[in-house]
Amino acid sequence: MSNQEILATVAGENITKAELDAFLQGLPKEQRAYAQNVQFRDQYLQQLIALRLYSKMGEDMKLDETEEYKHIMESARKDVLAQMAMTETLKGLEVTPEEAMAYYEEHPQHFTKGATVSAKHILTEEEEKCNEIMESIVNGEKTFEEAAAEFSTCPSGARGGDLGEFGRGQMVKEFEDAAFDAEIGHIVGPVKTQFGYHLIKVEKKNDASKVPFAEAEPGIRQNLMQQKQNAAYTAKVEELKAKYM
């Protein structure tokens, strides 16, 4: 389909595929994802046609000759000029690899991953039940995962009690302390929390570590670019105040 393909004609003026594409680009990002859907495009083509019809009606009513129209257009002209001038002010700004690396090295506290554990648990309402489950696991009657699936009141029971990886501050304190203190592969509990009684099995522990530069670099670049843009914007405003005010 050519960009110049005519999709509709309103009062002698053609609406082309390119104009519909431009109209769709003005939609919220989450809606633009459907831009290739035929039904979606036809729905917005009808909206575009309706806008052109109302525009033609406004011309016939000579609304473009009113003071209100002139005021709105002048305001829009100034807004567009301001946006274009801002774009010119920020044009050419960049963050070099050296600047990103320097920031990474000067702010190590921003790029440290805290220690984490990977654990499974079984949750019960009563301590006695928790002890019974522990005994059945120790005696080899059931594996931890089987017991979790059968007895745990937590939805994680369907996954054998698996809670995945978590760090400090993500779980209630009693549970967190027990998990971080536990030895890998050992079952600890019952551990009482506000949710009930837990048996906890730690699968893996990860020490605190520094985020690799390659992983941190995109965020650093975005942060530094924002700083540069803000500085350039503010400096230009002060320069323009001195010139025009």
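If you read the sequence from its start, that first residue is 1, and numbering goes on from there.
Formation of a donor-acceptor pair under 3.5 Å by the Asn14 side chain with backbone atoms of Thr16 is not found in this model. With hydrogens and angles disregarded, no donor-acceptor distance shorter than 3.5 Å links the side chain of Thr112 to the backbone of Lys210. Between the side chain of Thr96 and the backbone N or O of Glu99, at least one donor-acceptor pair lies under 3.5 Å. No donor-acceptor distance shorter than 3.5 angstrom exists from the side chain of His71 to the backbone of Glu67, with no hydrogens or angles considered. A donor-acceptor contact shorter than 3.5 Å is absent between the side chain of Asn139 and the backbone of Glu141. A donor-acceptor contact shorter than 3.5 Å is absent between the side chain of Lys120 and the backbone of Leu163. Glu217 places no side-chain N or O within 3.5 Å of a backbone atom of Ala214 that could act as its donor or acceptor partner. One N or O on the side chain of Glu176 and one on the backbone of Gly169 form a donor-acceptor pair closer than 3.5 Å. Judged purely by atom type and a 3.5 angstrom limit, Thr234 uses its side chain to pair as donor or acceptor with the backbone of Asn230. For the pair Lys205 (side chain) and Ala182 (backbone), a donor-acceptor distance under 3.5 Å is present.
Taking hydrophobic clusters as Ile, Leu, Val, Met, Phe, Trp and Tyr residues chained together by side-chain heavy-atom distances below 4.5 Å, Leu63 does not share a cluster with Ile72. Under the 4.5 Å side-chain heavy-atom criterion for Ile, Leu, Val, Met, Phe, Trp and Tyr, Val188 and Leu199 are members of distinct hydrophobic clusters. Under the 4.5 Å side-chain heavy-atom criterion for Ile, Leu, Val, Met, Phe, Trp and Tyr, Leu53 and Leu7 are members of the same hydrophobic cluster. Following chains of ILVMFWY side-chain contacts shorter than 4.5 Å, one can reach Phe111 starting from Met225, so the two form part of one hydrophobic cluster.
The aromatic rings of Tyr44 and Phe40 lie tilted to each other, with the angle between the two planes from 30° to 60°. Ring geometry for Phe213 versus Tyr104: interplanar angle over 60°, hence perpendicular rather than tilted (30 to 60°).
Leu123 CG to Lys129 NZ: the interatomic distance, rounded to the nearest 0.5 Å, is 13.0 Å. For the atom pair CD (Glu65) and OH (Tyr69), the distance works out to 10.5 Å, reported to the nearest 0.5 Å. The OG atom of Ser118 sits 4.5 Å away from the CD atom of Glu165 when rounded to the nearest 0.5 Å. Taken to the nearest 0.5 Å, the NZ atom of Lys17 stands 4.0 Å off from the CG atom of Asp21. The line from CG of Leu48 to CZ of Phe23 is 5.5 Å long, rounded to the nearest 0.5 Å. Once rounded to the nearest 0.5 Å, the distance linking CD of Glu146 with CD1 of Ile122 reads 10.5 Å.
Across all non-hydrogen atoms, the minimal contact from Tyr103 to Asn223 is OH-ND2, 3.3 Å. Of all heavy-atom pairs between Thr89 and Ala232, the closest is CG2-O, 4.0 Å. Shortest non-hydrogen contact noted between Arg41 and Leu20 is NH2-CD2, 3.7 Å. Of all heavy-atom pairs between Met134 and Gly189, the closest is CE-O, 3.8 Å. The minimum heavy-atom distance linking Ala148 with His121 is given by the pair CB-O, 4.2 Å. Between Lys228 and Glu94, the shortest heavy-atom contact is NZ-O, 2.7 Å.
Tyr197 and Asn131 form no side-chain donor-acceptor contact under 3.5 Å, judged by distance and modelled atom types alone.
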Next on the checklist: Run the salt bridge (charged side-chain N to carboxylate O under 4.0 Å, His left out) test on Lys113 and Glu215 for me, step by step, so that the C-alpha distance in whole Å, both residues' side-chain angles and the decisive distance to 0.1 Å come before the verdict.
Outcome noted: CA-CA 12 Å; Lys113 285 183 178 178; Glu215 183 180 332; 3.7 Å; yes
